[in-house]
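Here's the structure, in structure tokens; my notes come after.
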Amino acid sequence: MSAHGTPTPLTAHPSGPLRGTAEVPGDKSISHRALILGALSVGETRITGLLEGQDVLDTAAAMRAFGAEVTRGADGAWQVFGVGVGGFAEPDRVIDCGNSGTGVRLIMGAMATSPITATFTGDASLCRRPMGRVTEPLALFGAHAHGRHGGRLPMTVVGAAMPVPVRYAVPVPSAQVKSAVLLAGLNAPGETVVIETEATRDHTERMLAGFGARLRVEEGSEGRVITLTGQPELAPQSVAVPRDPSSAAFPVCAALMVPGSELRVPGVSRNPTRDGLYVTLAEMGADLAFENPREEGGEPVADLVARFSGALRGVEVPPARAASMIDEFPILAALAATAEGTTVMRGVKELRVKESDRIAAMAAGLAACGVPVSETEDSLTVEGRGAQGVAGGATVATHLDHRIAMSFLCLGLAARAPVTVDDAGPIATSFPDFGPLLTRLGARLGETTPALPI
Ligand code: S3P
């Protein structure tokens, strides 16, 4: 959707090889956390490589509303002058987190143990998503939340005036829930303990340690046990945000679908809690190389080279890998449509509560493109078209979901007929340069030709 709320359709036409360097934007998860922890530290945090997508800009605006000073320098670096743990002011207006589940859930956590009240809202997609998974643990600290039926936004959170530390086992594999509890634990006295049975992305833990919080991570029989000592004084940092492996996934998978392609993605995060797609692509027979491994901003990074190497093989993705590639299933499903044989993705029911119901959205769009698919509550099966090729020639409904839009645009580059997405606007939430970047690499994206809606 454009800034004026008008859908902006976009069409991907069958394209020649994609070649060159794909400088994908900064990591979205790390960008949100850098702004929030910068706002909770005392003094000036400097952030380079921040993702300037709408989701992150909404978090920057929210941090200003809670009293931090957030500015962008002429050199593109961002400064956050934080107010310290427990120093958030009460916002005098509604906090609009736009399309961002990460933004709203992390910010709710960060304010829930201060004696202030804040009202949160978002776009139509975010207002459909469940917030109870965050407000339930926040209630254990003493916070109260009042939202719409089913724990939906708009929602008002009344922070705890006398917070108590909690011990909480996260019932769903969710880095957002884990992070909301840890951020709330920052302003509770004593030790807050979060237990996760399945490891999820660990950027909050890494960054909290970087900002000087006392934090222990132990692998126990219960799972991964994270113990945070509350009420630290966080010291401002210089944060270099690595490039987002979830954004890299789109040009990389497009290159693996379009014959003759070869791309380099410099400085992409190789955090092991985010690498499930790259493990899966290797199993499918993809030609991928990670060069110059190094550390940047407390995260492992490398330069990724992806080369087209013929049709890939369909694979079974085990449930244990789901958390480490949760945002990559839409583009994997698109790639699987071009592979030889069947790809089965299991243990993926969390996809039903993302920016859209991604199992349903991918299944409907792939079927419209002539790809046989089936779904259960927590799995998606795609019958690859292999040498026959994907028919395409459809208009796909994206349901305000940036990753659904980008996945079908990538598929359209490799299909026999163009693929149109009904609204490319949400791509700006995470990857504003997606269209221009792919075009520079050789993709044919552009005018929509009339097609029947699915
Ligand atoms: C994120 C966690 C994941 C992911 C989202 C970003 C984060 O969500 O899908 O895009 O930054 O913590 P869940 O925690 O709901 O799995």
Side-chain angles (χ1 to χ4, degrees), residues 25-37 50-51 53-56 58-59 97-110 122 125-126 128-137 151 168 170-184 194 196-208 224 226 239 241-242 244-250 269 271 273-277 299 319 321-332 345 347-359 361 378 400-404 406-407 426-427 429-431:
D27 190 272
K28 182 148 71 74
S29 295
I30 295 175
S31 295
H32 284 295
R33 288 157 172 81
L35 289 169
I36 295 170
L37 286 184
L50 188 85
L51 164 64
Q54 193 56 47
D55 278 10
V56 174
D58 288 338
T59 289
C97 291
N99 191 250
S100 182
T102 305
V104 73
R105 291 179 175 133
L106 267 55
I107 296 166
M108 281 181 177
S125 157
L126 192 57
R128 283 194 292 266
R129 299 178 68 184
M131 295 299 138
R133 53 178 52 201
V134 168
T135 56
E136 277 160 29
Y168 188 69
V170 184
V172 285
S174 167
Q176 293 174 0
V177 176
K178 168 178 69 178
S179 302
V181 177
L182 288 172
L183 292 172
V194 185
E196 53 178 9
T197 43
E198 279 180 57
T200 62
R201 65 192 68 196
D202 63 357
H203 309 301
T204 303
E205 297 91 301
R206 285 174 186 258
M207 209 182 279
L208 276 170
R224 215 167 149 262
I226 307 151
V239 182
V241 180
D244 197 324
S246 300
S247 296
F250 295 101
S269 165
N271 182 309
T273 60
R274 300 280 298 278
D275 75 347
L277 175 73
E299 296 269 340
R321 197 181 295 156
S324 66
M325 54 176 294
I326 195 67
D327 291 335
E328 283 68 80
F329 284 104
I331 186 60
L332 175 66
M345 297 157 248
V348 294
K349 68 169 179 294
E350 275 295 299
L351 294 181
R352 296 211 180 265
V353 290
K354 295 295 179 189
E355 285 82 332
S356 69
D357 175 342
R358 287 183 173 160
I359 296 181
D378 84 338
L400 289 178
D401 190 329
H402 54 131
R403 297 196 207 281
I404 299 297
M406 289 187 278
S407 298
I427 293 173
T429 60
S430 70
F431 199 160

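The analysis underlying the following values was restricted to heavy atoms, covering all of them including side chains, and did not include hydrogens, waters or symmetry mates. Just follow the structure's listing: the first ligand is 1, and inside any ligand the first atom is 1.
With sequence neighbours excluded, no residue satisfies side chain to side chain donor-acceptor pair (under 3.5 Å) with Thr135. Remark: Ala184 pairs with Thr113, Leu138, Phe141 by the side-chain contact (heavy atoms from CB on, under 4.5 Å) rule, at least two apart or across chains.
We find that Arg33 and Asp27 are not joined by a salt bridge, their nearest charged nitrogen and carboxylate oxygen being 4.0 Å or further apart. A salt bridge links Asp357 with Arg352; the closest basic N to acidic carboxylate O contact falls under 4.0 Å. A salt bridge is defined here as a Lys NZ or Arg NE, NH1 or NH2 lying under 4.0 Å from an Asp or Glu carboxylate O, and Glu328 with Arg274 fails to meet this definition.
Contact atoms of ligand 1 toward Ile326: 9 (O) (distance under 4.0 Å to a heavy atom of the residue). Each of the following atoms of ligand 1 lies closer than 4.0 Å to a heavy atom of Lys354: 3 (C), 4 (C), 8 (O), 9 (O), 13 (P), 15 (O), 16 (O).
The shortest distance between side-chain heavy atoms of Arg403 and Ser246 falls below 4.5 Å.
Applying side chain to side chain donor-acceptor pair (under 3.5 Å) to Ser29 and the options Gln176, Arg201, His203 leaves one that passes, Arg201.
Residue, atom and distance of the protein heavy atom nearest to atom 6 (C) of ligand 1 are Thr102 OG1, 3.2 Å. Of the protein's non-hydrogen atoms, Arg33 NH2, 2.6 Å is the one closest to atom 12 (O) of ligand 1.
On a distance-only criterion, Gln176 and ligand 1 share at least one N/O pair closer than 3.5 Å. Inclusion of Arg201 in the set of residues having an N or O under 3.5 Å from an N or O of ligand 1 is not warranted. Checking only distances, Ser174 does come within under 3.5 Å of ligand 1, N or O to N or O. On a distance-only criterion, Asp327 and ligand 1 share at least one N/O pair closer than 3.5 Å.
For His32, no heavy-atom contact with ligand 1 is shorter than 4.0 Å. Residue contacts with ligand 1 for Lys178 are absent, since no atom lies close enough (heavy atoms, distance under 4.0 Å).
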